[in-house]
Trainee: 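I am attaching a structure below and will ask some questions about it afterwards.
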Amino acid sequence: MINAPRGTNDILPPESAKWNYIESKAKYIFDLYNYDEIRTPIFEYTELFQRGIGEATDIVEKEMYTFEDKSGRSLTLRPEGTASVVRSFLENKIYGKAQPTKYFYIGPMFRYERPQAGRYRQFYQLGVEVFGTQDPMVDAEVIALGMAYMDILGLKDLQLYINSIGCPDCRPQYLETLTEYLNNNKDDLCDDCKNRIDKNPLRVLDCKNDSCQCVIKNAPKIIDHLCEECEVHFNSLQKNLKNINIDYELDPTLVRGLDYYTKTAFEVKYEGLGAQDTIFGGGRYDKLADEIGSKDIPGIGFALGIERLLLTLDKQDIDIPIDKSIDIYLTTIGLKAKNASFELLEKFRKKGIKAEIDYQDRSVGGQMKSADRMNATYTVIIGENELESGKATVRNMKNGEEQEIKLQSIVERIEKMI
RNA sequence: GUGGGUAUAGCUCAGUUGGAUAGAGCGCAGGAUUGUGGCUCCUGAGGCCGUGGGUUCAAACCCCAUUACCCACCCCA
């Protein structure tokens, strides 16, 4: 017995129908906000992620599915979507067109991690990216889009957290202040955090360790150390959010795990999810395009974990409408009738009537039961008698009423009945 | 990479201090209804008790190892 690799999942019916549902709702929202789909390769040259996401991040350090192809080039299964979309934007010179450019994507991502609730090695994200504008109103639009999506799915009790993590002008100074503070309180930090002080001090803010929390609570906040440009941007974002009645909470410890973020960072969480409670998160990345392709193109976006979205829907007992039913079930008795019915079956389908037949040679009772389970509107019963008389018995499965209908005109008759 | 938990029928799970022919509900198939679903009743199929060792007269149960899954740390979607 060969199993699916660890951290991967089969998406089977009826679960797959849920995926279709939430994807179709997402596409409705994307269209409403005028975002167009982009599809990029599932693997890229490894350098793209190394440079884009950042060498010091966990993703690049230990979570990538990297392999060599036959020519010896190093390739990597995409661990996230943004780097690829930026690469594509640059490679196809989309910056030459009128800006901004608004994309959405849906697809699988890959990270080598230990699976747990809401985390898998192959997982699915849908996300949006907007290029070519620094207008903080777009930051608000992107957040609004995400919240609108949550809304249309009927989700409640979600928390939006926002923060600004500055830019290359102000962040270094803040990092100095932070590092100094952390060093002064080093004794109260956990071992991991002690290491982080030099490696990535921002990450200390994210630590859940109790003793670290005490230190973090009084740590200098980056929003108090923003340069004027970043501060204006952040204030404007907040004004825009208030304008459109989106509730948010400032979270000075929200730093995000990828290096490319600048200014706006945000996450939307649902507390009932367990340890992995972020449904979607994102932010602004004004330096990413420069990092990847030496072109100064601002961008902002978010990524949403589809599995986590489904988990949330589940936790909140939101049932997804799945209409599993058929119009006609053909019940047959004997091979002759089965052959004649098979012809009929295709005639129904050619007319767009959803029809099914029994292939298991079940008893009539079994076939009726099967029709019932499939939620058939009508059952058409054809046996020796019907073939001789040229009339089929048609049973209304709701009320049990039956009528005889000539086989010659049955498709047209039923077309009118449903 | 590190901890903790779980593993018995297709699914959800019982199975006492070690002593059966390893059970139930649901699902599936057939029948009661010579060609008619839902409700009811009856019958049936389906198990190497995760895998490999060990202890014992005797192991689903005890011990060791191993694998898989789940949860958590780390980090994120």
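Just so you know, these numbers use all the heavy atoms, side chains as well, and skip hydrogens, waters and symmetry mates. In the text below, chain A, chain B and the rest are named by the order of the sequence lines, each starting its count at 1.
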Trainee: Report the residue (A:Arg362 or A:Asn396) whose heavy-atom-nearest nucleotide on RNA chain B is the more 5′ of the two.
Mentor: A:Arg362
Trainee: So what does A:Asn3 touch, heavy atoms closer than 4.0 Å: a base, only the sugar-phosphate, or nothing?
Mentor: nothing
Trainee: Quick one: which of B:C73, B:U36, B:C74 gets closest to the side chain of A:Arg114?
Mentor: B:C73
Trainee: Side-chain donor-acceptor pair under 3.5 Å between A:Thr101 and A:Gln99, yes or no?
Mentor: yes
Trainee: Less than 3.5 Å between a donor and an acceptor, one on the side chain of A:Glu63 and one on the base of B:C74, is that the case here?
Mentor: no
Trainee: Describe the nucleic acid contact of A:Glu113 in one word from base, sugar-phosphate, nothing, applying a heavy-atom distance below 4.0 Å.
Mentor: base
Trainee: Under 3.5 Å for both donor-acceptor distances, Watson-Crick or wobble: does B:A60 have a partner, and if so which one?
Mentor: none
Trainee: Please report the distance separating the P of B:C28 from the corresponding atom of B:G23, rounded so that it comes out in whole Å.
Mentor: 23 Å
Trainee: Please give the distance between the P atoms of B:U66 and B:A29 as a whole number of Å.
Mentor: 44 Å
Trainee: Need to verify one output field. Residue with the more 5' nearest nucleotide on RNA chain B, A:Gly7 or A:Arg111?
Mentor: A:Gly7
Trainee: I'd like the P distance from B:U51 over to B:A22, given in whole Å.
Mentor: 16 Å
Trainee: Classify A:Gly127 by what it touches in the nucleic acid, base, sugar-phosphate, or nothing, heavy-atom distance under 4.0 Å.
Mentor: nothing
Trainee: What's the closest nucleotide to the side chain of A:Arg119 if the choices are B:G37, B:A72, B:A77?
Mentor: B:A77
Trainee: For the base of B:G35, is there a side-chain donor-acceptor partner from A:Glu386 under 3.5 Å away?
Mentor: yes
Trainee: The side chain of A:Gln276 is closest to which nucleotide in this list: B:C74, B:G37, B:G1?
Mentor: B:C74
Trainee: Counting only Watson-Crick or G-U wobble pairs whose two distances fall under 3.5 Å, which nucleotide matches B:G37?
Mentor: none
Trainee: Testing A:Arg78, A:Arg73, A:Arg87 one by one against A:Glu44 for a salt bridge (Lys or Arg N to Asp or Glu O under 4.0 Å), which residue passes?
Mentor: A:Arg87
Trainee: Considering Watson-Crick and G-U wobble pairs with both distances under 3.5 Å, what does B:G1 pair with?
Mentor: B:C73
Trainee: Would you say A:Phe123 stacks on B:A77, if stacking means ring centres under 5.5 Å apart and planes within less than 30 degrees?
Mentor: yes
Trainee: Looking for any heavy atom pair under 4.0 Å, which part of the strands does A:Ile306 touch: base, sugar-phosphate only, or nothing?
Mentor: nothing
Trainee: Please tell me which of the listed nucleotides, B:A72, B:U36, B:G35, lies nearest to the side chain of A:Ala275?
Mentor: B:A72
Trainee: Among B:C74, B:A72, B:G35, which is the nearest nucleotide to the side chain of A:Asp58?
Mentor: B:C74
Trainee: Across all strands, who's sitting opposite B:G30 as a Watson-Crick or G-U wobble pair, both distances under 3.5 Å?
Mentor: B:C42
Trainee: Using a strict cut-off of less than 4.0 Å between a Lys/Arg side-chain nitrogen and an Asp/Glu carboxylate oxygen, indicate whether A:Asp58 and A:Lys62 qualify as a salt bridge.
Mentor: yes
Trainee: Which heavy atom of A:Met397 sits nearest to which heavy atom of A:Asp372, and what is that distance?
Mentor: CE-N, 4.1 Å
Trainee: Taking only N and O in the side chain of A:Gln360, is any of them less than 4.0 Å away from OP1 or OP2 of B:A29?
Mentor: no
Trainee: Would you call A:Lys18 and A:Asp314 a salt bridge, taking side-chain N to carboxylate O under 4.0 Å as the test?
Mentor: yes
Trainee: Taking OH from A:Tyr329 and P from B:G35, how many angstroms apart are they, rounded to a whole number?
Mentor: 17 Å
Trainee: Among B:A68, B:G38, B:A29, which nucleotide has an atom closest to any side-chain atom of A:Arg395?
Mentor: B:G38
Trainee: Taking any strand in view, what nucleotide pairs with B:G18 in a Watson-Crick or G-U wobble way, both distances under 3.5 Å?
Mentor: none
Trainee: Whole-Å distance between B:C69 P and A:Tyr120 OH?
Mentor: 13 Å
Trainee: Checking all strands, does A:Tyr124 fall into the base, sugar-phosphate, or nothing category for heavy-atom contacts under 4.0 angstrom?
Mentor: nothing
Trainee: Looking at B:A65, which nucleotide sits across from it as a Watson-Crick or G-U wobble partner, both distances under 3.5 angstrom, or is there none?
Mentor: B:U51
Trainee: Reckon A:Arg373 has a side-chain N or O less than 4.0 Å from the OP1 or OP2 of B:A29?
Mentor: yes
Trainee: Can you tell me how far P in B:G38 sits from the matching atom in B:A32, rounded to whole Å?
Mentor: 14 Å
Trainee: Work out how far the C1' atom of B:G18 is from that of B:A60, and round it to whole angstrom.
Mentor: 11 Å
Trainee: Closest approach to the side chain of A:Gln116, judged atom by atom: which nucleotide of B:G30, B:A72, B:A77 is it?
Mentor: B:A72
Trainee: A:Phe302 and ring-ring contact (aromatic ring centres under 6.0 Å, His included): which single residue from A:Tyr105, A:Tyr285, A:Phe280 fits?
Mentor: A:Phe280
Trainee: Considering residues, nucleotides and ligands other than A:Tyr112, do more than 12 of their heavy atoms fall under 6.0 Å from its OH?
Mentor: no
Trainee: Using a 4.0 Å heavy-atom cut-off across all strands, classify A:Ser363 as base, sugar-phosphate, or nothing.
Mentor: sugar-phosphate
Trainee: Strictly below 4.0 Å: does A:Thr331 bring a side-chain N or O up to OP1 or OP2 of B:U36?
Mentor: no
Trainee: Please give, in whole Å, the distance from B:U36 P to A:Asp358 CG?
Mentor: 15 Å
Trainee: Provide the distance between the two C1' atoms, one in B:A77 and one in B:G30, to the nearest whole Å.
Mentor: 49 Å
Trainee: Heavy-atom count check: over 12 atoms from other residues, nucleotides or ligands less than 6.0 Å from A:Lys369 NZ?
Mentor: no
Trainee: Given the C1' atoms of B:G50 and B:U67, what is the spacing between them in whole Å?
Mentor: 8 Å
Trainee: Can you check the distance between B:U6 and B:A65, where both ends of the measurement are the P atom (answer in whole Å)?
Mentor: 16 Å
Trainee: Looking at A:Lys338, I'd like to know if its NZ atom is crowded, meaning that more than 12 non-hydrogen atoms belonging to other residues, nucleotides or ligands lie closer than 6.0 Å.
Mentor: yes
Trainee: Can a donor-acceptor pair under 3.5 Å be found between the side-chain atoms of A:Glu402 and the base atoms of B:U36?
Mentor: yes
Trainee: Expressed in angstrom and rounded to an integer, what is the separation of A:Ile326 atom CD1 from B:G37 atom P?
Mentor: 16 Å
Trainee: OP1 or OP2 of B:G37 sitting under 4.0 Å from any side-chain N/O of A:Thr379?
Mentor: no
Trainee: With a 3.5 Å limit on both atom pairs, tell me what B:C13 is paired to, counting Watson-Crick and G-U wobble, or say none.
Mentor: B:G23
